[in-house]
Novice: 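Starting off with a structure, shown below.
These numbers come from the heavy atoms of this one structure, side chains and all, not from hydrogens, waters or symmetry mates.
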Amino acid sequence: MHILLIAINAKYIHSNPAVFSLKSCTGKYSSYVAVAEFTINQQPSFVLQEIYKHRPDVVAFSCYIWNHTFIDQIIYDIPKVLPNTDIWAGGPEVSFHTSDILKQWPLRGIMTGPGEESFSRLVSAYVQGSADQLPAVLGAKDAPLRTLDEIPFWYEDLSEFEHRIIYYESSRGCPFSCSYCLSAIDQTMDFRPVQRVCLELDFFLKKNVPQVKFIDRTFNCNKKHALPILHYLLSHDNGITNFHFEIAADLLDEDYFKILKKMRPGAIQLEIGVQSTHKQTIAAICRKMDFQKVSAAVQRIHVWHNIHIHLDLIAGLPYEDLQTFQSSFNDVYGLQPQQLQLGFLKVLKGSAMEAHALEYSLAYTNMPPYEVLSTQWLTYEDICRLKQIEEVLEIYYNSGQFAHTLAFLHPYFDTPFALYDSLASWYETHDLFGIQSSRIRKYEILLEFGTACMMSFDSCNTAQTTTDTLQICALKETLTYDLYLREHIKNRPSFARSLEHWKQEIDGLLKEEAKTHAFFPELEHCNYRELTKALHIEVFETIFNHPAALLFGYTKRDPLTNNGTVKIIHLK
């Protein structure tokens, strides 16, 4: 008997904790179970061939919105090449509307909800020869749920997870009732014992795992559970591992802040779902969120410069029109997170939002991810406009590569939303969407856009009749600063000023640094020639109001921004 658990992930760096959790719970029958992971970027024909090579008696797919379409491309062909193989499916994408799915796909059955006990029963039945007694829909009513404390730790062998994100679950369920989320259906909570969690996290710390991503829906919903875990991570920090948590920022209090403030820069990152700041929208989606508290918490953490903050917005929620969404965007953008994710409502099967789709005039895609196309408050044209804003936001804000240039351009616009809306229009007008622009080309596009904006701004100001040349120079220097702050490129960009006039000064600075290593002591082993390759020197004449040489080093980077180190030397 050979049972194959199949995970099809969105990217190679992802792993699927569900299939490993299922296998870990099969006990004495675990030798009959194998795991195969693929990605949606592979060819369906290749995945089908790999499944065939296993010659499985049973295949079981882990189904989510990101892989449903891919599975649909191969599942009909499995019976053609493996006619005696039973096919099962589980996961949130098939846990609802099961009768429709059983009619659509050639399945022996479906496992609904948390599947550890159900899968264990399934494996036992196949090994013992009683699989014909299994129902077509296998769920909690057929197999009681296992608690998190009963689920083994499956990460003893990390060889399968090299160069990939490690996912970890310390709690299951969510106490909140957000109508767009499947976790709101069953508000029961289950917590893995804190002592056990700390022992398992210690395993990751000792192995110097780069990142552990908690999949807890709201990590800090139970203070007695979350606080000791954070205490443990603080006291056992290995200087390498990063831990990602999804939290409710308005639940943070002084006890949390006391710990968070002491964290090593880059040790943790916090994802906070704001979704909207429009009160009517928040009420309609049954979300409990005090934005004033969220704002105060984020601003407080931001000052410490040690924690990566990721804030989420959702477009397409009820009662959120274009005007109120702009306000939500501006509110959240003003908190200056390292990442601002502009997402779009997914009308998930089984969610309360699906039940209200007619009431809200929700139009959404027939196929996963069931993303909103229009609502009673947003037209499809509005959604398309926000999609374009999302794209330029990803390129220019979330990349972190243009932070100073964006700050430079903000005064030319009434609001942050207006800046990205205008930039998206520039992309549309110049046919830039759909093109894979090079790294330097993105800087050039921002220069062209910024220059046009300043010219338009000047034409509207009677005090200035021509574009301020110094401002254009400052824009170019700011772009140059952003560029070299992030990377030591070999080919000098066209917008950077010539350094010929400062050649002797630059050479002198490098020779002095080679003697003293005053600015970059970590490079004390480098001689003059080696420093010319390790450092970059740029001279700025505008943005500092007088000539200044900036030395850029890249051996030590800011753990939050990935920017290099900068030392400023004022020139005469």
Side-chain angles (χ1 to χ4, degrees), residues 10 40 64-70 72 93 96-97 178-182 273-287 311-333 340-398 413-436 449:
I40 59 174
Y64 297 86
I65 55 175
W66 63 78
N67 65 20
H68 178 115
T69 303
F70 190 98
D72 194 63
E93 182 57 18
F96 305 93
H97 308 302
C178 304
S179 62
Y180 53 82
C181 182
L182 294 181
V274 177
Q275 321 311 11
S276 172
T277 62
H278 184 47
K279 291 183 178 180
Q280 191 175 8
T281 296
I282 293 297
I285 61 176
C286 303
R287 182 168 178 77
L311 300 182
D312 295 331
L313 279 173
I314 297 179
L317 294 173
Y319 300 100
E320 186 96 273
D321 59 19
L322 196 58
Q323 184 177 355
T324 57
F325 184 80
Q326 289 181 41
S327 296
S328 292
F329 182 96
N330 293 329
D331 289 339
V332 175
Y333 189 93
L340 198 175
Q341 181 177 325
L342 198 174
F344 291 80
L345 176 65
K346 312 294 191 295
V347 185
L348 302 177
K349 293 178 181 178
S351 68
M353 189 63 71
E354 182 188 40
H356 288 282
L358 187 62
E359 175 188 348
Y360 297 145
S361 302
L362 293 177
Y364 53 96
T365 59
N366 281 343
M367 294 298 292
Y370 313 113
E371 192 167 89
V372 67
L373 297 171
S374 64
T375 74
Q376 186 175 324
W377 303 272
L378 285 176
T379 66
Y380 179 59
E381 186 173 346
D382 293 332
I383 294 291
C384 290
R385 180 179 171 186
L386 292 175
K387 279 283 183 180
Q388 292 182 334
I389 291 172
E390 176 201 22
E391 187 167 340
V392 296
L393 185 73
E394 283 295 314
I395 294 171
Y396 289 101
Y397 185 85
N398 287 338
F413 298 88
D414 293 332
T415 65
F417 184 90
L419 166 59
Y420 293 95
D421 189 23
S422 182
L423 182 54
S425 296
W426 179 272
Y427 259 68
E428 173 74 7
T429 302
H430 294 83
D431 298 319
L432 296 171
F433 286 118
I435 297 174
Q436 291 293 327
F449 166 75

Novice: Any side-chain heavy-atom pair from Phe417 and Asn330 closer than 4.5 angstrom?
Specialist: yes
Novice: Enter the distance from Ser361:OG to Leu378:CG here, rounded to the nearest 0.5 Å.
Specialist: 12.0 Å
Novice: Using the six-membered ring wherever Trp is involved, compare the ring planes of Phe329 and Phe325 and label them parallel, tilted or perpendicular (cut-offs 30° and 60°).
Specialist: tilted
Novice: Kindly indicate whether the side chain of Phe449, heavy atoms from C-beta on, has any atom under 4.5 Å from the side chain of His430.
Specialist: no
Novice: Report, as yes or no, whether the 6.0 Å neighbourhood of atom CG on Leu358 holds more than 12 heavy atoms from other residues, nucleotides or ligands.
Specialist: no
Novice: Parallel, tilted or perpendicular for Phe433 and Tyr427, by the 30°/60° rule?
Specialist: tilted
Novice: Does Ala418 offer a backbone N or O that forms a donor-acceptor pair with the side chain of Ser422 under 3.5 Å?
Specialist: no
Novice: With a cut-off of 6.0 Å (strictly less than), are more than 12 heavy atoms of other residues, nucleotides or ligands near CD of Glu381?
Specialist: no
Novice: Rounded to the nearest 0.5 Å, what separation is found between the CD atom of Glu394 and the CG atom of Leu340?
Specialist: 9.5 Å
Novice: So, taking the atom named NE2 in His356 and the one named OH in Tyr180, what distance separates them when rounded to the nearest 0.5 Å?
Specialist: 14.5 Å
Novice: Please find the pair of heavy atoms, one from Gly316 and one from Leu345, that lie closest to each other, and give the distance.
Specialist: O-CD2, 3.3 Å
Novice: Rounded to the nearest 0.5 Å, what separation is found between the CG atom of Leu393 and the CD atom of Gln388?
Specialist: 13.5 Å
Novice: Could you tell me which non-hydrogen atom of Val372 sits nearest to which non-hydrogen atom of Ala315, and how far apart they are?
Specialist: CG1-O, 4.0 Å
Novice: Test your reading of the model: is there a side-chain donor-acceptor pair from Asn67 to the backbone of Ala10, 3.5 Å cut-off?
Specialist: no
Novice: With a 3.5 Å cut-off and no angle check, do the side chains of Thr69 and Asp72 form a donor-acceptor pair?
Specialist: no
Novice: Is any side-chain heavy atom of Leu348 closer than 4.5 Å to one of Phe96?
Specialist: no
Novice: Start with the C-alpha distance between Ser179 and Ile285, add both sets of side-chain angles, then the distance that settles side-chain contact (heavy atoms from CB on, under 4.5 Å), and finish with yes or no.
Specialist: CA-CA 5 Å; Ser179 62; Ile285 61 176; 3.6 Å; yes
Novice: Any pair with a residue in residues 344-354 that passes salt bridge (charged side-chain N to carboxylate O under 4.0 Å, His left out), sequence neighbours left out, goes on the list, sorted by first then second residue, please.
Specialist: Glu93-Lys349, Lys346-Glu371
Novice: Atom CD of Gln280 and atom OG1 of Thr324: how far apart are they, to the nearest 0.5 Å?
Specialist: 9.0 Å
Novice: What closest approach, in Å, do Tyr370 and Tyr364 show between heavy atoms, and which atom pair accounts for it?
Specialist: O-CB, 3.6 Å
Novice: Set out, in order, the CA-CA distance, both residues' side-chain angles and the distance that settles side-chain contact (heavy atoms from CB on, under 4.5 Å) for Leu432 and Trp426, then state yes or no.
Specialist: CA-CA 8 Å; Leu432 296 171; Trp426 179 272; 4.1 Å; yes
Novice: Are the side chains of Leu373 and Ile383 in touch, meaning some heavy atoms are under 4.5 Å apart?
Specialist: no
Novice: Assess the residue pair Thr277 and Leu313 against the criterion (side-chain contact (heavy atoms from CB on, under 4.5 Å)); give the C-alpha distance rounded to whole Å, side-chain angles, the decisive distance to 0.1 Å, and a yes or no.
Specialist: CA-CA 9 Å; Thr277 62; Leu313 279 173; 5.7 Å; no
Novice: Of all the heavy-atom pairs spanning Glu320 and Ser276, show the shortest one and how long it is.
Specialist: OE2-OG, 2.7 Å
Novice: To the nearest 0.5 angstrom, please state how far the CG atom of Asp421 sits from the CG atom of Leu386.
Specialist: 8.5 Å
Novice: Taking all heavy atoms of Gln275 and all of Leu317, pick out the closest pair and write down the distance.
Specialist: O-CD1, 4.0 Å
Novice: Answer yes or no: is there a side-chain heavy-atom contact under 4.5 Å between Thr415 and Tyr333?
Specialist: no
Novice: Going through the checks in order, is the side chain to side chain donor-acceptor pair (under 3.5 Å) test met by Asp331 and Ser328?
Specialist: CA-CA 5 Å; Asp331 289 339; Ser328 292; 5.4 Å; no
Novice: Taking the inter-plane angle between the rings of Tyr397 and Tyr420 on a 0 to 90° scale, is it parallel (under 30°), tilted (30 to 60°) or perpendicular (over 60°)?
Specialist: perpendicular
Novice: Over all heavy atoms of both residues, which pair between Ile40 and Trp66 is shortest? Give the atoms and the distance, please.
Specialist: CG2-O, 3.5 Å
Novice: Under a 4.5 Å cut-off applied to non-hydrogen side-chain atoms, are Met353 and Pro318 in contact?
Specialist: yes
Novice: Step by step, would you call Ser374 with Thr379 a side-chain contact (heavy atoms from CB on, under 4.5 Å)?
Specialist: CA-CA 5 Å; Ser374 64; Thr379 66; 5.6 Å; no
